[in-house]
Amino acid sequence: MTVNSIYKEEKKSAFQKVSEVIITMASRPSGFIGLSILVFHIILAFISPYIAPYDFKAINPTLMLQAPSAEYWFGTDDLGRDVFTRTILGGRTALTITFFGSLIALLWGGLLGIFCGLVGGKIDDIVMRIVDAFLSIPWILAMLLIVSLLGTSTEVLIPALGFFYGKGIVRVARAATHDVIAKDFIVSARARGHSNFSIIWNEIIPNVRDAILVEGAMRWSWMLLGFSSLSFLGFGVSPPTPDWGLMISNARGLMSFAYWAVIAPIVGLSSLIIGINLTADAFAKALGIDRSTKAPV
Amino acid sequence: MLFLIIKRILLGFITLFIVSLITFVGTEILPGDACTTYLERQAFGEQLEACYRRLGLNVPAYERYVSWAVNAIQGDFGYSLSGEMPIKEVLGPRIKNSLVLASAAIFIGIPIALILGIVTALWRDKLPDVAISTVTIFAMTIPEFISATLLILIIAIWLEWLPGIVIVPTDVSFLELLPNIILPVIAIAMIMTAHMARMVRSSVIQVMASEYVQMAILKGVPYWKMVFKHVLPNALLPAINVVALTIAWLLGGVVVTEVVFNYPGLGRLVIESISNRDLPTVQALAIILASIYVSINLLADLMTLMLNPRLKTLQIRK
């Protein structure tokens, strides 16, 4: 490789890099399916309020538990509400909350991990012990406690989810930083007299970014699972807001004669989680990171 | 070697100590306490004072922590607020029931995961791999409460093969419990098996690509002899740790599954005690679940240490 071509590679714009990664992701069948499902759900989340045929909270006792028909595609639930309307609206809250939650997890987990990897020593030891302790408390217990005491508003859920799903990222970011910090280019940057900030910003972050991003994408799908579990248990979105987890838990008791009210949200939630998972997997493969031997902590 | 083991055990205790601090501080800073919840609207003045005195909440927090921790080490977690009975007695049968559920899932899950993982790795990218891997992705990603709900709908409601929800008292005998746990065990085992099978698969693939396996092939070692003698022992060792972490991570999923099936285990107790704001029970549960997590990890670490000859001679890994 000539010096010229190396130089050219560095000049690629961010947009070019991103589109290259997306093309690599979509070139595998699983990645293509995952991306399509995810894009479909995101578009649906944006347009669903405009295309929903009925009011999601309109209760109609005369229409209780109607089977699917031309008028009500997915039937109606125990309060006579249209299941189709509620299903296409049901992913919006979950998607929004978990998206911002993952961003927060990514930021604090990534930064704390890089920091710990850099400073090492006593501070690193203490922080990692605390992270370990948090890891050993089941997320569901901690989340339930917080939500039951502080309420289920978005302002509580996003930071709480962001915090509890970020602690695993700390370890990944720390390990990635350890890998980078021993490399020659850090030593030469030090020798060139670059400041610590410049080394972190220009040398370390670009090199650990991929690992942290992949971790964040994976967290997104787990967080979605966790958030839906909370909703399912009655500790997430409060009714009458349409939410898949909540809809499943409501319709579950009546599913022996109204299975449609439970199947529709199940398909919605499962497809979204599978979509995000496949996308995250393809993303990891496109960036050349093998996650399959890692435990979901 | 001995030093490593002692160090690992000590680290586990330190983690548990921090967990106890976190849960204690956490329940302190979050608004509301046992008395305000218990008395609701009457939580002021004389009555509140009396309640604080009765539950011993009038002494400084650090004193309460010390006395709570000293008792907890001896297995005494104090009294639960809702039922006013010793938490120890509430926990006992619940722990037993959850252990039955979890160990059944683990014992069914691990052999299946091993077989699936090895098959998919050896026939990589061929039909068995593609088929099994597709199924594992579904089993792995679909939330427990969805697979549990679907299992109830299909097997209990449509096919009427098994009872859908568990309606037994908490302290039921093992034999009476058995038909009730089949569906919950399937629900938990499914997701666990899928996670583990995936890890075993990539672990085996990594070893198959290593130089000594290539060497064995070149030497003309018969294929199956090579798989069993050279590949599997080396591939399964690193998998132990990951499997342990997965099992520990799934504790949260066990909680949800227990709720779906109305199973009288620790998971339902978690929900009940949180709904009742029964903070002493929540603290006890946090410590117990964290101890399970820490001991599973410890066990896995020790197993890897025992089984890996290379680590035996290693002194201290930093």
Side-chain angles (χ1 to χ4, degrees), chain A residues 30 126 129-150 168 221-222 224-226 228-235 244-245 248-249 251-252 255-257 259 262-263 265-267 269-270 273-278 281 290-297, chain B residues 11 14-19 21-23 26-27 30-32 137-138 140-146 149-150 152-153 157-158 195 198-199 201-203 206 238-239 241-246 248-249 251-253 255-256 259-260 267 270-271 274-275 277 279 282 285-286 289-291 293-294 297:
Chain A
S30 64
I126 294 170
R129 282 279 79 75
I130 296 176
V131 169
D132 272 355
F134 268 110
L135 277 172
S136 61
I137 304 175
W139 58 268
I140 196 152
L141 186 70
M143 280 304 300
L144 286 173
L145 189 63
I146 290 179
V147 166
S148 73
L149 294 174
L150 296 179
S221 88
W222 294 336
L224 190 71
L225 199 152
S228 314
S229 304
L230 283 181
S231 285
F232 177 81
L233 295 172
F235 289 88
W244 291 326
I248 295 171
S249 108
R252 202 164 61 88
M255 67 184 172
S256 49
F257 39 88
Y259 60 88
V262 75
I263 294 287
I266 281 182
V267 171
L269 183 55
S270 311
I273 292 188
I274 289 173
I276 295 183
N277 243 291
L278 291 177
D281 260 0
D290 180 24
R291 282 206 76 273
S292 50
T293 49
K294 286 213 184 90
V297 281
Chain B
L11 278 182
I14 294 175
T15 311
L16 282 182
F17 168 68
I18 302 175
V19 168
L21 273 182
I22 293 172
T23 43
T27 44
L30 291 172
I137 284 189
F138 272 89
M140 202 174 77
T141 46
I142 290 177
E144 297 88 355
F145 65 91
I146 287 190
T149 307
L150 284 175
I152 295 180
L153 181 65
I157 295 178
W158 286 347
H195 270 289
R198 221 168 111 93
M199 290 161 200
R201 176 181 182 267
S202 47
S203 191
Q206 263 174 24
N241 252 308
V242 193
V243 164
L245 278 174
T246 313
W249 181 69
L251 285 175
V255 172
V256 184
V259 173
V260 177
V270 167
I271 306 291
I274 283 176
S275 306
R277 308 264 170 119
L279 294 182
V282 173
L285 281 169
L289 292 175
S291 320
Y293 180 96
V294 170
N297 276 322

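Naming convention: chains lettered A, B, ... in sequence-line order (proteins, then strands); numbering from 1 in each chain.
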Taking every non-hydrogen pair under 4.5 Å, which of Ile130(A), Leu144(A), Leu278(A) racks up the most with chain B? Leu144(A)
Name all residues meeting the side chain to side chain donor-acceptor pair (under 3.5 Å) criterion together with Thr15(B); count only those two or more places apart in sequence or in a different chain, and write none if there are none. none
Please check if the side chain of Arg252(A) supplies one atom and the backbone of Val260(B) the other of a donor-acceptor pair under 3.5 Å. yes
Do Leu145(A) and Val282(B) have side chains that approach each other closer than 4.5 Å (heavy atoms only, starting at C-beta)? yes
Between Leu141(A) and the options Ile271(B), Ile274(B), Val255(B), the side-chain contact (heavy atoms from CB on, under 4.5 Å) test singles out Ile274(B)
Measuring heavy-atom distances to chain A, does Ile14(B) have an atom under 4.5 Å in its side chain, in its backbone, in both, or in neither? side chain
When only pairs under 4.5 Å are counted, which of Ile137(B), Leu16(B), Thr149(B), Leu289(B) shares the most heavy-atom pairs with chain A? Thr149(B)
Counting only heavy atoms closer than 4.5 Å, note whether Ile22(B) contacts chain A via side chain, backbone, both or neither. side chain
Rounded at 0.5 Å granularity, tell me how far CD1 in Ile146(B) sits from CZ in Phe232(A). 9.0 Å
Indicate the atoms forming the closest heavy-atom contact of Ile273(A) with Pro143(B), along with that distance. CD1-CG, 3.6 Å
Is there side-chain contact between Leu135(A) and Tyr293(B), with heavy atoms separated by less than 4.5 Å? yes
Measuring only between side-chain heavy atoms, which start at C-beta, is Ile266(A) closer than 4.5 Å to Ile142(B)? no
So for Ile248(A), is it side chain, backbone, both, or neither that comes closer than 4.5 Å to the heavy atoms of chain B? side chain
Nearest 0.5 Å, please: how far is CD in Glu144(B) from OG in Ser228(A)? 11.0 Å
Rounded to the nearest 0.5 Å, how far apart are CG of Leu233(A) and CZ of Phe145(B)? 8.0 Å
Those residues that, when tested against Ser231(A), pass side chain to side chain donor-acceptor pair (under 3.5 Å) (two or more places apart): Asp243(A)
Which bit of Val262(A) comes within less than 4.5 Å of chain B, counting heavy atoms only: side chain, backbone, both or neither? side chain
Chain B contact via Ile263(A) - which portion, at a heavy-atom distance below 4.5 Å: side chain
